[in-house]
Structure formats: structure tokens, C-alpha cells
> 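Have a look at this one before I ask anything.
Side-chain atoms are counted along with the backbone in the values below, which use heavy atoms only and exclude waters and symmetry mates. A quick note: this is a predicted structure, and the numbers were derived from the prediction, not measured. Position 1 is the first residue of the sequence, and the numbers go up from there.
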Amino acid sequence: MRRTLPAPHLVAAGITAVVLAPLALPGYVLRYDMVFVPRQPLSWEMIAPADALPRAVPLDALVSLANLAVPGWLLQRICLVALVYLAALGAARLVPSGRSLTRAVASFGYAWTPFLAERLLLGQWALLFAYAAMPWLVLAVRDLRAGRPGALPRLVLAAAPAAVTPTGGLIALVTVAVLLPLNPRAPGEPPENLPGDPPEMPRSRSTAVALAAVAALNAPWIVTALTSAAGGSSDPEGVAQFAARAENWAGTWTTLAGTGGVWNAQTVPGSRTSVLAPLVTVVLLAGAAIGLRVLWQRWRGDAVRLFVLAGGGFVLAVAGATPAAGLLRWLVVHVPGAGLLRDGQKFLIPYALVLALGFALGAEWLAERLSRRFEPGAGRVLLVSAVLLPVVAMPDLAFGGLGALRPVPYPVDFDEVAARVDAAPGEVLSLPFEGYQRASWNRNVVIRDPSPRYLDAPVLMNDALRVGTVTVDGESPRAALAQRLLAAGRPAAELGVRWVLVRTGTSGAPLAGLRPVYRGQYLQLWENPAAPPAPRASSTARRAPALAAHLLYLAVVIFAAFALLRMRSRSWYGPRNHESGEEE
């Protein structure tokens, strides 16, 4: 049984502690898409959104289930700590080297990156679960190809956190398909199982089972998208707005080569705009160029497949900033679900892993030659320098982006509003009709409207996204109807909602025909007396398939966990001969 050196755990814990230090304070980190609430209710809108694309499927349902046992403030900390820690530890476990310093280089090279910093500051913690899962997924795939016991359930458990969002699930599925081809037998290798493969599970069959299991993990968002009233197409304007962007003088390609380039400039650490940032990228690429040759020598076919995966991800990342953007615009309009490709920088995850592994092995190769030419201490100095390079290049990731991830408490207004809505359930219209807003109680940080997660009722909110002066249309027909009605100055009561939630200070709210129920410092709640009390419900025809897909996700994860635990228990204790007391 493989043993993990304690050093990688200490390095991973140290990185996590430094990056997430502000989480020691009470409250919630609320920033862009990162919205946790004290108790997120489980509703059909979480499982089968009526008229919206399943961007948070099955994520919202899983968070609601976890909230039954864990309060929101603690759940947020568990999730954030897990994704940073597992990313750092996974890279250390995956890099083919026995040197602790080389593993530390891989940990920092993968967990202290512009990609992680920018997506964390953008609040896309769920996508970062795919980032954290990638090294573990690659490790499990290699173990499955080598016929090691327990590899298949570990592969499923590594893919499960990635599949909590459509993008992560798609990345996990493609990763397994590329790294674990249906005919994995190498030239000259006998067609029989490798040593350690169970006789009832040939390698080709285990590959098919792995692909089927990861596809099943993607079932919730696929089924929900197929049964949703929202159109499958997306606004082509989003291709330009979500395209990767340059962060410094070296341009978009160099920015992406350093794993940066997120579309939202407000979430980019200041150090990424430094004139020295491209030079650091050049150093990383030079070291990786040496290390990738070492990786190929040690992994051969597995390395080639990983390079293909990373290269494909980089092509998708850069496509929106090239003439290929025209093709992307056509795809997002005519191919259902192609809107996932608009924010192409997300697909840098495999590339970021290859870059970290290559740089770590390249640093080790150079350190060995320095040690031979001069003295052992010279090699260690180089490796320590390689460990510190990501931190020196981007020091403003420390302490939660220098305070950007500082927690805040929710105002009591949310609890007051939630209690009144619970007493008389009905659809809620959230005003101002903007999906992302700045709140004074949240230090004026942009946050996605938390009311859909805080209130146990369907909330009608705008799913369009404003990027600078450009608005990228959403996909919800009902939200589009509400936008047109409100823009025409019509009263909100015409939408037939039961409640209208208004942020205090909103001017020109269309409240004719409504009566005030609650007026707080930050929120106001108005009731529509003419509205029916029952919330708008999705049909059973839509609910059943979506629920079945979610249950399939849970069943696959539970079965894999049970299988792995059973294998571990056998390896720890083993069957015993009752007469001799010895293991058989």
C-alpha cells in the first residue's frame, strides 16, 4: 500500500493556511458567485430549474443536503480549505519524484497560480473543485491502467467533486476519455489483464465502466438542460465578453501560458499587471520544457495523452481571442450547450497541471546537475527558489487576496424577510432587477443576489450579465419577460408574483398595487394581495427525470465509496485462518 510522506501534507496545509487566513474570522465570504447562506433550503428549483440553464446543477442540491448537517459558515470553510489543500497535495502526489523539495515545487506550482487566484476571487469555488480534483483524477487513471486495486472507485470519487458543475463534469469526462482510451493495450503488451486486475474486470471493460460512471456523474445537469424551458442557445455577445484577456504587456497568449487571463479584470491580482509577470512565465515555461521531457521518459504513453489533453484545453482557452471566435459565436447560437465554451479560460485546468509537473521536474533536473558540478547545497538552493517563485511572483494571493476574501455577517433583514415568505409561500421578484449587485453591508463587493439561496421560495431574478457597458443576455424566458415589463415602467404586480423584495435605496421601484410588509435597514418586502399563494411549480414530467439523475449521481458516489472502503478494510485486516490466526 502506497504511503504518503508527511512533507507534502505539511506543504499543502501551509499553502492553505496562508491563502485562506481571513477565514479564521466569523461570517461569510461573499464575492461574485461565491454565495453561502446559513441554511440553504432544498427545493425543486435547486434540482430542476424551471426556466434557467443548469449552471449550478447538481451543486445547489448538494449544498442544500450538506446544510442539513453543517451550517453554511462551516460548510464554506470546509469547501474552500478542501479545494486548496487537495490541489496542493494532489500535485505533490502525482509528480513522479521521491524528493520532498520537488513535490513542494509541484504543490506551489499548482496551488499558487493565477488560475486559482482569479477564479477564487471571482467566487467560482465550485469550478475550483475540478481544478483540485484533476491531479487525483490523473493519478487514479494511471493506477487503473496499471491494474492497481481500488483504482476504479478512486477514479469515480475524484471525478465526483469536479462534476458538481457542468464545466467541471465535462472536463472530468474528457480527461477520462483521453487518458483512458477504450483500447489501452500498449504495443507488444499481452491482451490479458495486467497483474493485479481482477479476472472479472478486463482492462477494456474497466475503461468502459469508468467512462460510464463519469458520464453518470454528469447526468444531473445534462437531464436538467434537456428538460428545461430555457433555450439551449446562448447570447453570442458573450464570446467576446468572456474571452481570455491580456493582463500585462506580453499579450493574451503569454497571459494564458502563465494560467491567467480571466475575463473579469476586477478579479485579477495586481501583481499580474507587473512588467515582471511575463518574465516569470518565461522562467516557468523554460523549466517546464526541460521537465516535460523528463515526464515523458518516466510516463511515456501516459505523458503523451496528458500533453494532448493540456494542449486541447489551451486551444479552447485561446480560441475566443483569435479569429476562431467567429466559429464559437456560431456554435453558441446553433448548438445547445455550446455556451459552456464562451469562457474558454476555464479549460486551462489540465494545462496548469502539466505546467506545474513540468516545472517541478525541470527544477529537479537542473538541481541535480548543479549538485554534481558544484556541491549538493547548490541544488537545494535552486529547488527552494523554485518553491518560492510563485509566491514572489504573486504575493497578493496570500491572506485571501490581501483581504479580498474577508468574511462579513448577513444583516438580520434576510432572516426577517425569510420568516415572512415562509409564512405565506409564493414567488419572489428581486429588485433591482440585476443578478449581481453591490451591497454596503458587504463592503460594496459585487455579489450574486443571495435571495434565491436564502429564501425557501422561487425567486425571479435577472440572469443577464452586465460586463462593463455590454449586457450579455440570459437564457430564462420568464426573466426576459420581466425585464421587458420593468423596462417599460409597468408595475411588478403584473408578473403575478406573490412577493417583491427591494433593496433599500432602490429608486423608481414599480410597487403600484403592493402593500409593504417589512421595512429594514437594507431590505424591504412588499406583498401582492392579488397573487395566488401557491408558488409556481415545475411539472412532474420535468421533476422525475431530474430527480432520478441526481439520485444516480449519489448512487454512483456512494457505491464507489463503499467499494473503496471494502477494499481498504480487506487490505488492512485480510481474511484470517481461524485455526492458525494467520492471514490467508
Side-chain angles (χ1 to χ4, degrees), residues 4-21 81 83-117 120 131-132 134-135 139 257-260 269 271-272 274 276-292 294-295 298 351-402:
T4 304
L5 296 175
H9 288 276
L10 294 175
V11 171
I15 294 173
T16 305
V18 173
V19 172
L20 301 178
V81 166
L83 66 89
V84 177
Y85 181 84
L86 291 176
L89 182 61
R93 289 286 303 273
L94 182 62
V95 65
S97 173
R99 296 187 63 168
S100 295
L101 276 177
T102 304
R103 294 186 174 193
V105 174
S107 289
F108 275 88
Y110 190 63
W112 200 289
T113 60
F115 186 98
L116 186 143
L120 188 60
Y131 188 83
M134 180 58 65
L139 187 62
T259 76
S271 59
R272 291 294 299 162
S274 167
L276 298 179
L279 302 180
V280 174
T281 300
V282 170
V283 173
L284 290 172
L285 293 175
I290 299 172
L292 293 183
V294 177
L295 185 64
R298 297 179 183 179
Y351 168 82
L353 179 61
V354 169
L355 181 64
L357 297 179
F359 180 68
L361 292 175
E364 181 184 71
W365 186 89
L366 290 173
E368 290 175 352
R369 274 137 189 87
L370 281 178
S371 298
R372 293 173 186 172
R373 186 175 182 83
F374 300 104
E375 58 181 21
R380 286 194 292 270
V381 169
L382 187 142
L383 286 174
V384 170
S385 301
V387 168
L388 297 177
L389 179 63
V391 180
V392 173
M394 192 173 60
D396 39 358
L397 174 57
F399 305 108
L402 298 183

> Rounded to the nearest 0.5 Å, what separates atom CG in L357 from atom OG1 in T102?
11.5 Å

> Any heavy-atom pair between the side chains of L284 and T259 that's under 4.5 Å?
no

> Would you please name every residue forming a salt bridge (charged side-chain N to carboxylate O under 4.0 Å, His left out) with R298, sequence neighbours left out?
E364

> Which pair of non-hydrogen atoms, one from L397 and one from A117, has the smallest distance, and what is that distance?
CD1-CB, 3.7 Å

> Which atom names give the shortest non-hydrogen contact between L361 and S97, and what distance separates them?
CD2-CB, 4.3 Å

> Please round to the nearest 0.5 Å and tell me the distance separating atom CG of L89 and atom CZ of R103.
9.5 Å

> Measure the CG-CZ distance between L292 and F359 for me, rounded to the nearest 0.5 Å.
12.0 Å

> Would you indicate whether the side-chain heavy atoms of L353 and L94 approach each other to under 4.5 Å?
yes

> Evaluate the side-chain proximity of T281 to L285: yes if any heavy-atom separation is below 4.5 Å, no if none is.
yes

> Rounded to the nearest 0.5 Å, what's the gap from OG on S107 to CG on L101? Could you check?
11.0 Å

> Shortest non-hydrogen contact from P8 to A92?
CB-CB, 3.8 Å

> So how far is it from H9 NE2 to R93 CZ, rounded to the nearest 0.5 Å?
6.5 Å

> Search all heavy atoms of A111 against all heavy atoms of A88 and return the closest pair with its distance.
CB-CB, 3.7 Å

> Would the distance check show the side chain of T113 and the main-chain N or O of G109 forming a donor-acceptor pair, the cut-off being under 3.5 Å?
no

> Which pair of non-hydrogen atoms, one from S271 and one from D396, has the smallest distance, and what is that distance?
OG-OD1, 2.6 Å

> When you compare the side chain of V381 with that of S385, does any pair of heavy atoms fall below 4.5 Å?
yes

> What closest approach, in Å, do V95 and A360 show between heavy atoms, and which atom pair accounts for it?
CG2-CB, 4.2 Å

> Using the ring-ring contact (aromatic ring centres under 6.0 Å, His included) rule, collect all pairs that involve residues 91-116, keeping only residues at least two apart or in two chains.
Y110-Y131, F115-Y131

